[in-house]
S.K.: 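One structure, pasted below without further comment.
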Amino acid sequence: MSKNVLTLDTAIAKEIEYRIEVGIVKEGDRLPSERSLAEEFGVQRGTVRAALKILQDKGFIQTRSKSGNFVAMKRIDFDLSAYNSRKIIFEKSGKTTNVKLMTFEKVALYGKAAVKMHVEDDTQVFKIMRLRYANNMPIALERTHIMCDLAPGLTEEDVHEKSIYRSLRQKFGIKEAYSESRVTAAYANGLESELLNLKVSHPVLRYEGRVYDRQNRLIEYFDDIILKDKVQFINNEIVRR
C-alpha cells in the first residue's frame with residue numbers, strides 16, 4: 001500500500017498558506033526573503049523557491065519584479081444567480097473600490113452589435129467604458145451599454161466614481177430585476193492588456209450579459225474583462241424539486 005509523503009516544499013507551502021488563512025500575514029503583505037525563509041525552516045533556498053512556486057500557482061501569492069513575493073488579494077465572489085452592481089460586489093468583499101471613466105458616448109447599434117444586445121438596428125445606447133480598481137489595483141475593464149430611451153438624460157457625472165445603478169434608480173426610477181449572464185475564458189487584447197497591466201494574450205475572464213427591469217425592459221448590456229486570479233464565479237440559486 002502506497003503512502004502519501006509530504007515533501008519539504010509542500011510542507012512549507014502549507015505552513016505559509018496557513019499563516020495567510022488565519023491572518024498572521026495579511027493581504028498585500030510582503031513575505032520574508034527566500035534566504036530568511038530558508039533559515040527559518042532549516043532548508044535550502046531551492047526548497048523555499050519550490051514552495052513559493054506552489055503558492056503562486058494556487059493564487060495565494062504574487063511575485064513582483066525586483067520587489068519580492070506578496071500575499072495576493074483574496075478572490076472576489078461574483079454570484080451568477082443574482083445581479084448586483086460591480087461596486088456593491090467589491091465592497092461586500094471588503095475591498096476599497098473606485099473607477100476611472102475612460103469613455104462615455106451616445107451611439108447607434110447596427111448589425112452584430114445590435115444582435116448581441118437583442119435590439120433592433122439604430123437603437124440608441126450610452127456606451128461607457130470604465131477601469132475598475134480594487135484596493136488601488138486595476139482588476140476589471142467594464143464595458144457597459146445603457147438604453148437611451150430609459151435614461152435619456154444620463155451624463156458623465158452620473159457614472160464617474162458612482163454606482164451606475166444607483167444613479168439610474170435615483171435619477172430615472174429604474175431598478176434592475178434580473179439578468180442573463182455568462183462567463184467565458186478569453187485572452188487580453190492590446191488595449192485590455194495595457195489598462196490591466198498584463199501581457200498581450202494573457203488569459204482573462206469575460207463576463208457578459210443583459211440586465212432587465214420588472215417590466216422586462218432591457219436596461220443594460222455589459223461585457224467586462226476581469227483578471228482571472230482575482231475573482232471566482234458562484235451560483236447561489238436554490239433549486240426546488
S.K.: Hydrophobic clusters here meaning ILVMFWY residues chained together by side-chain heavy-atom distances under 4.5 Å, can you tell me if Phe172 and Ile164 are in one?
M.R.: yes
S.K.: Kindly indicate whether the side chain of Ile128, heavy atoms from C-beta on, has any atom under 4.5 Å from the side chain of Thr103.
M.R.: no
S.K.: Using only atom types and a distance under 3.5 Å, with no angle test, would you say the side chain of Ser179 pairs donor to acceptor with the backbone of Val211?
M.R.: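 Absent.
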S.K.: Do Arg132 and Thr97 have side-chain atoms, one donor and one acceptor, less than 3.5 Å apart?
M.R.: yes
S.K.: Check whether the side chains of Tyr178 and Asp213 place a donor and an acceptor atom closer than 3.5 Å, and report yes or no.
M.R.: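 No pair is found: no donor N or O on one side chain lies under 3.5 Å from an acceptor on the other.
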S.K.: Find out whether His202 and Leu227 are in side-chain contact, i.e. whether some heavy atom of one side chain is under 4.5 Å from a heavy atom of the other.
M.R.: no
S.K.: Taking the side chain as every heavy atom from C-beta outward, state whether Glu208 and Tyr221 have any atom pair closer than 4.5 Å.
M.R.: yes
S.K.: Can we say Arg19 and Glu40 salt-bridge, meaning some charged N sits less than 4.0 Å from an Asp/Glu carboxylate O?
M.R.: yes
S.K.: Taking the side chain as every heavy atom from C-beta outward, state whether Ile139 and Met137 have any pair of such atoms under 4.5 Å apart.
M.R.: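 No, side chains not in contact.
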S.K.: Linking I/L/V/M/F/W/Y whenever their side-chain heavy atoms sit closer than 4.5 Å, directly or via other members, would Met102 and Ile225 fall into one cluster?
M.R.: yes
S.K.: Report yes if the side chains of Ile54 and Asp9 come closer than 4.5 Å at any heavy-atom pair, otherwise no.
M.R.: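 Touching, per the 4.5 Å side-chain cut-off.
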S.K.: Using a strict threshold of under 4.0 Å (side-chain N to carboxylate O), is an ion pair present between Arg143 and Glu192?
M.R.: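 Result for this pair is yes, salt bridge flagged.
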S.K.: Which atoms form the tightest heavy-atom contact between Val204 and Ala188, and what is the distance?
M.R.: CG2-N, 3.9 Å
S.K.: Any side-chain heavy atom of Asp149 within less than 4.5 Å of one from Thr123?
M.R.: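 Result no, sub-4.5 Å side-chain heavy-atom pair not found.
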S.K.: What are the two closest non-hydrogen atoms of Gly28 and Phe70, and how far apart are they?
M.R.: O-CD2, 3.5 Å
S.K.: Could you list the donor-acceptor pairs under 3.5 angstrom formed between side-chain atoms of residues 41-50 and any protein atom two or more places apart in sequence or on another chain?
M.R.:
unit_1	atom_1	unit_2	atom_2	d
Arg49	NE	Glu34	OE1	3.3
Arg49	NE	Glu34	OE2	3.4
Arg49	NH2	Glu34	OE1	3.0

S.K.: Quick one: does any side-chain atom of Asp29 pair with a main-chain N or O of Lys26 as donor and acceptor, under 3.5 Å?
M.R.: yes
S.K.: Is any side-chain N of the basic residue among Glu17 and Lys58 closer than 4.0 Å to the acidic one's carboxylate O?
M.R.: yes
S.K.: Will you find, in the side chains of Tyr212 and Glu220, an N or O donor that is under 3.5 Å from an N or O acceptor?
M.R.: no
S.K.: Would you say the side chain of Met117 lies within less than 4.5 Å of the side chain of Val125, judging by non-hydrogen atoms?
M.R.: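 Contact flag for Val125/Met117 side chains = yes.
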S.K.: Please check if the side chain of Lys14 supplies one atom and the backbone of Leu6 the other of a donor-acceptor pair under 3.5 Å.
M.R.: no
S.K.: Examine distances only and state if a side-chain atom of Arg210 and a backbone atom of Ile219 form a donor-acceptor pair shorter than 3.5 Å.
M.R.: no
S.K.: Taking side chain to side chain contact (heavy atoms under 4.5 Å, CB included) as the definition, give me every residue that meets it alongside Gln56, ordered by chain and number, with sequence neighbours left out.
M.R.: Lys53, Ile61, Thr63
S.K.: Before accepting this row, confirm whether a basic side-chain N of the pair Asp158/Lys171 lies closer than 4.0 Å to the acidic partner's carboxylate O.
M.R.: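 Salt bridge: yes.
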S.K.: Is the shortest side-chain heavy-atom distance between Leu52 and Leu37 below 4.5 Å?
M.R.: yes
S.K.: Is there a path from Met147 to Val107 through hydrophobic residues (I, L, V, M, F, W, Y) whose side chains come within less than 4.5 Å of each other?
M.R.: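 Met147 and Val107: one cluster.
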S.K.: Sort and list the pairs that fulfil ring-ring contact (aromatic ring centres under 6.0 Å, His included) and have at least one residue in residues 95-125, not counting sequence neighbours.
M.R.: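 Output for this query lists Phe104-Phe126.
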S.K.: Between the side chain of Asp121 and the main-chain N/O of Gly111, is any donor-acceptor distance below 3.5 Å?
M.R.: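 Yes; judged by distance alone, with no hydrogens or angles, the pair exists.
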S.K.: Determine the minimum heavy-atom distance between Arg206 and Ala186, stating which atoms define it.
M.R.: CB-CB, 4.2 Å
S.K.: Please answer whether the main-chain N or O of Val159 pairs with a side-chain N or O of Arg130 as donor and acceptor at a distance below 3.5 Å.
M.R.: yes
